[in-house]
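If you're wondering where the values come from, they're calculated on a predicted model, not measured in any experiment. Index from 1, following the sequence.
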Amino acid sequence: MVRTSVLYQTPFLIPKEYHAKAQEFNFSLKEQEWISMIKKCNSMRELKQVHGQILKLGFICSSFCAGNLLSTCALSEWGSMDYACLIFEEIDDPGSFEYNTVIRGYVKDMNLEEALLWYVHMIEDEVEPDNFSYPTLLKICARIRAIKEGKQIHGQILKFGHEDDVFVQNSLINMYGKCGEVRQSCIVFEQMDQRTIASWSALIAANANLGLWSECLKVFGEMNSEGCWRAEESTLVSVISACTHLDALDFGKATHGYLLRNMTGLNVIVETSLIDMYVKCGCLEKGLFLFQRMANKNQMSYSAIISGLALHGRGEEALRIYHEMLKERIEPDDVVYVGVLSACSHAGLVEEGLKCFDRMKLEHRIEPTIQHYGCMVDLLGRAGRLEEALELIKGMPMEPNDVLWRSLLSACRVHQNVELGEVAAKNLFKLKSRNASDYVMLCNIYAQAKMWEKMAAIQTKMVNEGIIQVPGSCLVEADRKLYKFVSQDRSHTCSDEVYEMIHQMEWQLKFEGYSPDTSLVLFDVDEEEKRQRLSTHCQKLAIAFALIKTSQGSPIKIVRNVRMCSDCHTYTKLISMIYERDIVVRDRNQFHHFKDGTCSCKDYW
């Protein structure tokens, strides 16, 4: 008997059912080959060639093959949504996968309104969305702040029964947060049976988005108390920003420690956030240390440290880093130049500031914004070049705002220029300014010039218009608590001790030749009462309290809500020397570091 190989046996003896299965297997195998070919495409030309072959062979009838062709065309960087829509039209019975793919494709191309329209088509065609549909749709609403559409989609999530899907819930938290409805974010979060790290991150970001910094830290604390979550870098950036805005240095240090313990390397955004936090919380040296250690610096990193140096009155160093940035061929933007000009202003570097302003316009082609003009008015005003400051305001291509006129008014108070002070005040009042400090500064100018009648008229105007001056106050830290003081404050339980300490401080100051500057007292009273009023300024009470309540040699940190007077400045310099204490005072938008009888501002502020 002749034996033959199975490969060469006649197929007639094979059952017909086997033939059908073989054809199906062969079709499936070829379909997989063409899907593999689709995935290898790197251009629309290649994709169109593969598409043509698929049409010839009839594979477009396969939803799996058509779906892969559609997703490759819609979601690839080189893809075309016009061509993707043609492929979509060839599909006989498109389902949620195909609709989701087209929606995602339009999101990729940032055609967000068209993406939402395709969701409408999906509903009209009675194709039921699945749990993959909604995260993309909610992301669209978050991006374009479409709260109305977002709420409608939330209603459909409930209708189709996807409200318990964790990815959908996280997307809802994010959408409501980005649209400013953080209370709705909280409701969704509280209704979750199972939370992920993304749930916590979305809620923290929702609070950060609205500047609810205390809530931001509270949620982060609750997340940590559960002990099973490792925060993402983006979450920690929000937490660090909260510490920056709340001046919560200890919490910021703890967050920095958390980063070092849990992450092998920090990205440039996290490092920049830490630099910004340290410099704005008064720890400039720590911020500089982190900046110098950065392996990769970008525009934001330079901007953060330049602005920080400006805040601390270190103009020369800010300019040095600005020039270093230019050598590294990192292009400065308008934000960087705000920091540079502010640094020049705080340090009295007038000519350097004027050169930088020209360089910004001519070399870097940056059109000055009102913030840049504000820095320049401040720069010229501080230097006593009031006429030039006024001419700059008049020559601006945009209408000056209250900030510019207020800056000029402040400079007129410092340099005792009544005439220009009245011009600045008149323009502020035209802008319907209800800022009490504007009236107080004008009163100061009149008081310095002993123009008591004009001063009284302004005070009457304030009363008639219901403008109330916010009292000057200081916050000082002791035993990890903040204590608030206002001028002539006797509300504290230890007031007797504080006033006794004031008496001792004044006794010591006499030996250093200190004499109160009574010209700063606005009231037409005798010299003794003026000295009494000056001695109980809120900053002096806060320093006395800190000397009592903190350990010898430890630094004192004070935050003011209004600018400090020149008498408090002189007083604090001498106290830092007599009691051998470093005293840091944040004076609204500038830090003063008092040490050994000197101030970091070099008496220019």
Side-chain angles (χ1 to χ4, degrees), residues 245-247 402-403 406-407 409-410 413-414 421 425 428-429 433-448 452 455-478 481-499 501-502 505-506 516-525 528-549 556-572 575 583-592 605:
H245 285 88
L246 295 172
D247 201 24
D402 59 328
V403 176
R406 191 169 295 122
S407 180
L409 180 61
S410 178
R413 181 188 65 80
V414 171
L428 275 167
F429 299 153
S433 167
R434 293 187 59 80
N435 190 326
S437 67
D438 301 337
Y439 294 84
V440 172
M441 278 194 283
L442 186 57
C443 284
N444 281 340
I445 291 170
Y446 287 142
Q448 287 167 343
W452 305 115
M455 175 183 153
I458 295 298
Q459 290 173 331
T460 304
K461 182 180 170 71
M462 283 181 72
V463 172
N464 292 341
E465 295 185 8
I467 295 167
I468 300 168
Q469 182 185 358
V470 177
S473 64
C474 285
L475 292 173
V476 62
E477 188 177 340
K481 291 182 182 177
L482 287 174
Y483 297 87
K484 184 178 179 179
F485 287 88
V486 296
S487 295
Q488 299 176 304
D489 199 339
R490 286 192 176 272
S491 63
H492 292 262
T493 52
C494 57
S495 281
D496 291 342
E497 293 174 76
V498 169
Y499 277 83
M501 189 68 199
I502 288 283
M505 289 157 68
E506 285 182 345
D517 184 2
T518 56
S519 67
L520 296 170
V521 179
L522 295 179
F523 300 97
D524 190 11
V525 293
E528 183 55 38
E529 188 172 343
K530 286 182 180 181
R531 280 193 292 271
Q532 177 60 32
R533 286 178 180 272
L534 279 174
S535 69
T536 54
H537 272 193
C538 58
Q539 184 167 316
K540 296 171 184 178
L541 296 175
I543 292 171
F545 176 83
L547 289 172
I548 296 165
K549 296 294 181 181
I556 296 169
K557 186 179 177 184
I558 295 168
V559 178
R560 297 181 58 97
N561 70 333
V562 294
R563 189 179 181 184
M564 90 173 93
C565 69
S566 58
D567 185 68
C568 282
H569 192 268
T570 304
Y571 187 102
T572 308
I575 291 295
I583 303 172
V584 179
V585 179
R586 178 159 189 175
D587 176 4
R588 291 191 302 183
N589 60 353
Q590 186 171 349
F591 279 97
H592 295 261
W605 94 102

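- With respect to D247 and K557, a salt bridge is recorded, a charged nitrogen being found less than 4.0 Å from a carboxylate O.
- Put simply, the side chain of N561 gets close to the backbone of P471: a donor and an acceptor are under 3.5 Å apart.
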>> As a quick check of understanding, evaluate side-chain contact (heavy atoms from CB on, under 4.5 Å) for H592 and I583, giving each step before the final call.
In response: CA-CA 8 Å; H592 295 261; I583 303 172; over 6 Å; no
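- In this model, no donor atom of one side chain and acceptor atom of the other lie less than 3.5 Å apart for D402 and S433.
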> Run the side-chain contact (heavy atoms from CB on, under 4.5 Å) check on L547 and M501 step by step: do they pass?
Replying inline: CA-CA 8 Å; L547 289 172; M501 189 68 199; 3.8 Å; yes
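- Distance check, rounded to the nearest 0.5 Å: SG of C443 to CE of M455 gives 5.5 Å.
- Geometrically, K549 does not engage Y483 in a cation-pi contact, judged by NZ or CZ lying under 6.0 Å from the ring centre and within 45° of the ring axis.
- Distance check: L409 CG to Y439 OH gives 11.5 Å after rounding to the nearest 0.5 Å.
- Two residues are said to be in side-chain contact when any heavy atoms from C-beta on lie closer than 4.5 Å; M441 and R406 meet this criterion.
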>> For D567 and H537: C-alpha separation, side-chain torsions, deciding distance, then whether side-chain contact (heavy atoms from CB on, under 4.5 Å) applies.
In response: CA-CA 10 Å; D567 185 68; H537 272 193; 5.6 Å; no
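- Closest approach of R434 to G466, counting heavy atoms only: NH2-O, 3.5 Å.
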>> Under the criterion side-chain contact (heavy atoms from CB on, under 4.5 Å), I'd like the reasoning laid out for Q539 against C565: C-alpha separation, chi angles, the key distance, then a yes or no.
In response: CA-CA 10 Å; Q539 184 167 316; C565 69; over 6 Å; no
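- Scanning both residues, C538 and S487, for their nearest heavy atoms gives N-OG, 3.3 Å.
- L534 and P516 make their closest contact through CD1-CB, 3.8 Å (heavy atoms, listed as atom of the first residue, atom of the second, distance).
- Residues Y446 and L442 form a side-chain contact, since some pair of their non-hydrogen atoms from C-beta on lies under 4.5 Å apart.
- Take S495 and apply the side-chain hydrogen bond (donor to acceptor under 3.5 Å, both in side chains) test, not counting sequence neighbours, and it matches no residue.
- S473 has its side chain within reach of V486: a pair of non-hydrogen atoms, C-beta onward, lies under 4.5 Å apart.
- I502 is not listed as a side-chain neighbour of T536, based on a closest heavy-atom distance of 4.5 Å or more.
- For A457, there are no side chain to side chain contact (heavy atoms under 4.5 Å, CB included) partners at least two apart in sequence or on another chain.
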